[in-house]
Structures are given as structure tokens and as C-alpha cells.
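Read through the structure below, which is laid out as C-alpha cells, and then see the notes.
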Amino acid sequence: MRRACVIGWPVEHSRSPLIHRYWLKQYGIDGAYEKEAVRPEDLARFLGSLDALGYAGANVTLPHKEAALRLAAVADEAARTIGAANTLWVDDGGRLNASNTDAYGFTTNLDAEARDWNDGGRPVVVLGAGGAARAILHGLLAEGARHILLANRTSGRAEALVGAFGPAVTVVDWRDRNRALAGCGLLVNATSLGMTGKDPLDLDLASLPPNAVVADIVYSPLETALLGAARAKGNRTVDGLGMLLHQAVPGFERWFGVRPAVTPALRAHVAQSLGEG
Ligand code: NAP
């Protein structure tokens, strides 16, 4: 039986088991997907014995994503550029391999929901400069975004991303974020603002062009206040659940040998767990 797991500290909140167990059942695969609560000080030992524990690989969640990349023997370009790993597997030579599928998940979902998001090459506004924003910049630039306006509360973190991603990214002062929306083709919230239990995202959409796409990577709640306000204005919206589902695809294929489909039924299954089914 093939086995994989999600490693976090804590790990209870992870939605990954819901997704991977759904696919295991759907495809009739003799496999298992577990939750592993691993303390930061135990991560190196745990990953060193992943194979011996019977795991073909793992997802990695907070706070282990950067450490997992450092501990891997091989890392793909996405993981290296993003500076964090969320998907691991042990290769035939017993080496620990690392990838980051968040950029893939974000852009695959964006292409599925709003294929024309980059038509005309208008600027993209990204809010946030944390781990998720880093993955999103990587994905957007790989998909041909020409100009990204990046606003973050802590400007030093945004400046660091310009250093990493180059002149296609321009930092906008957090206080000027409303004005930055004028003329953009895509707005992405990659902060944790608007998430259940966090502060609301304070953003005025008055300058947002009517045909701009608005994406929020927060998926709890699924319908964020940002998406509600954008829809009320007539803008197209893309929620965070699609990214979460698509980022899981490459890992499942790697561990279980079947490329799984992201279907409306899977979406409904996971949305139900978010209390929005
Ligand atoms: P992170 O590294 O902790 O970054 C958090 C970001 O939010 C930073 O840019 C931070 O700004 C900003 N922020 C937090 N509180 C703020 C406040 N009060 N005012 C202004 N800005 C604030 O987190 P992350 O890993 O990037 O994740 C961000 C969000 O994306 C989370 O809600 C997470 O659940 C979600 N996410 C979704 C998916 C998906 O598949 N849909 C995948 C990954 C993450 P500072 O730099 O100034 O602190």
C-alpha cells in the first residue's frame, strides 16, 4: 500500500487529507494519507526516516516549508525560487526531493476560471509579501505577467521580493493601494486579511476597472468580503479554494501514480468542510 502524509505543527487544521482521501477513494487506489504532527526540532529526523516510515512522500505545511526545502537533497526550480517546499517525495535513489506547487495551483486555477486575465498585459496588483505572495509572483511571471504592483504593510518585505523577482515587480506603498488599482487587469489578495479570525482587508475598489479580475487566496471564508464587494461591482472573481485543490494535483500523481482531476464534486466536498457546501 502506498502512503503519504501532511506534516505540520499543528497539523489538525490541514485540508489536505480531505482532498487526497477523496481522490484515493475515487480512483480505487490502495493507499493512505495521514496527518503527522511534527515539532520543528524533530523535522530533520522525521524527514530522514520518511522512507523507513513507509511514506512515498508528503505535503508540508506551516511552520516547516522553508526548513523542508533546506533538508531536501534535490529541489526543483519552483521550490528554489519560492524559497519553500510544500511537496516532498523520496526518489528511487532514496533521496528526498522537494517541490512547491502553490504557484502551479494558483495559475492553473486562474487560467481555469478567468483564462483571459492577462489579455492586454495590464498591470497586476498583488497585496501581500509573505510565503503565498512569493509563490504567486513566481506563477504570474512564469505565465507572462509583464508588470506587477506589489503592496505590503511591511515595505521591506515587498522590497525583498523585487530583489528576488526583478524589475517586473514594482513596490507600491501600502497606503497607496487603493489608487494602484486604476488600470489593473487583475487584483490578487495574498495577505491573510479577510480570513476568519483575522482583521478585515481595508480596500476601496472605486478605481478598479469594471473588467478586472479579482482573486482572493483566502479560502476561509470562501466568499470573502473582497470577493463579495468585487462581485457587487460586476467584476469577475476567483476564490481561494481552487488554488488549494489544484496545488494538490502534482503530489498525488507523484505518490500514487494517477493524475487526479479537480472536479465540481471535489470542490463541493471540501467547501462543505469549510461550512459553505
Ligand atoms: P504569511 O507569510 O504569514 O504572510 C501574511 C501576509 O499578510 C503578509 O504580507 C502580511 O504583511 C499580511 N498581513 C497580515 N496581517 C496584516 C495586517 N493586519 N495588515 C496588513 N497586512 C497584514 O502568510 P502566507 O503563508 O503568505 O498566507 C497568506 C494567506 O494565504 C493565508 O490566509 C493563507 O491561509 C492563504 N493561503 C492560501 C492558499 C490557497 O491554496 N488558497 C495557499 C497558501 C496560503 P506583513 O509582511 O506586513 O506582515
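If you're wondering where the values come from, they're calculated on a predicted model, not measured in any experiment. First listed ligand is number 1; within each ligand, the first listed atom is number 1.
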Among N152, L187, D202, the one residue meeting side-chain contact (heavy atoms from CB on, under 4.5 Å) with R177: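 Per the side-chain contact (heavy atoms from CB on, under 4.5 Å) rule, the option paired with R177 is D202, out of N152, L187, D202.
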Test: R21 cationic atom under 6.0 Å from Y33 six-membered ring centre, within 45° of axis: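 No.
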Lys/Arg cation over aromatic W174: R153, 6.0 Å, 45° cone: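 No, R153 does not lie over the aromatic ring of W174.
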For R2, salt bridge (Lys or Arg N to Asp or Glu O under 4.0 Å) partners two or more places apart: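 For R2 there are no salt bridge (Lys or Arg N to Asp or Glu O under 4.0 Å) partners, ignoring immediate neighbours.
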Nearest heavy atoms of A4 and F256, plus distance in Å: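 Distance-wise, the nearest heavy atoms are CB-CZ, 4.0 Å.
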One line per pair, note the atom names and distance for all nitrogen or oxygen contacts under 3.5 Å between ligand 1 and the protein.
residue: ligand 1; atom: 2 (O); partner: G131; partner atom: N; Å: 3.1
residue: ligand 1; atom: 7 (O); partner: S192; partner atom: N; Å: 3.2
residue: ligand 1; atom: 9 (O); partner: A129; partner atom: N; Å: 3.0
residue: ligand 1; atom: 9 (O); partner: N152; partner atom: OD1; Å: 2.6
residue: ligand 1; atom: 11 (O); partner: N152; partner atom: OD1; Å: 3.3
residue: ligand 1; atom: 18 (N); partner: R153; partner atom: NH1; Å: 3.3
residue: ligand 1; atom: 26 (O); partner: G131; partner atom: N; Å: 3.2
residue: ligand 1; atom: 26 (O); partner: A132; partner atom: N; Å: 2.8
residue: ligand 1; atom: 40 (O); partner: L244; partner atom: N; Å: 3.3
residue: ligand 1; atom: 41 (N); partner: I217; partner atom: O; Å: 2.9
residue: ligand 1; atom: 41 (N); partner: G240; partner atom: O; Å: 2.9
residue: ligand 1; atom: 46 (O); partner: N152; partner atom: ND2; Å: 2.8
residue: ligand 1; atom: 46 (O); partner: R157; partner atom: NH1; Å: 2.8
residue: ligand 1; atom: 47 (O); partner: R153; partner atom: NE; Å: 3.0
residue: ligand 1; atom: 47 (O); partner: T154; partner atom: N; Å: 3.0
residue: ligand 1; atom: 47 (O); partner: T154; partner atom: OG1; Å: 2.5
residue: ligand 1; atom: 48 (O); partner: R153; partner atom: NH2; Å: 2.8

T61 side chain reached by W9 side chain, heavy atoms, under 4.5 Å: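 No; the side chains remain at least 4.5 Å from each other.
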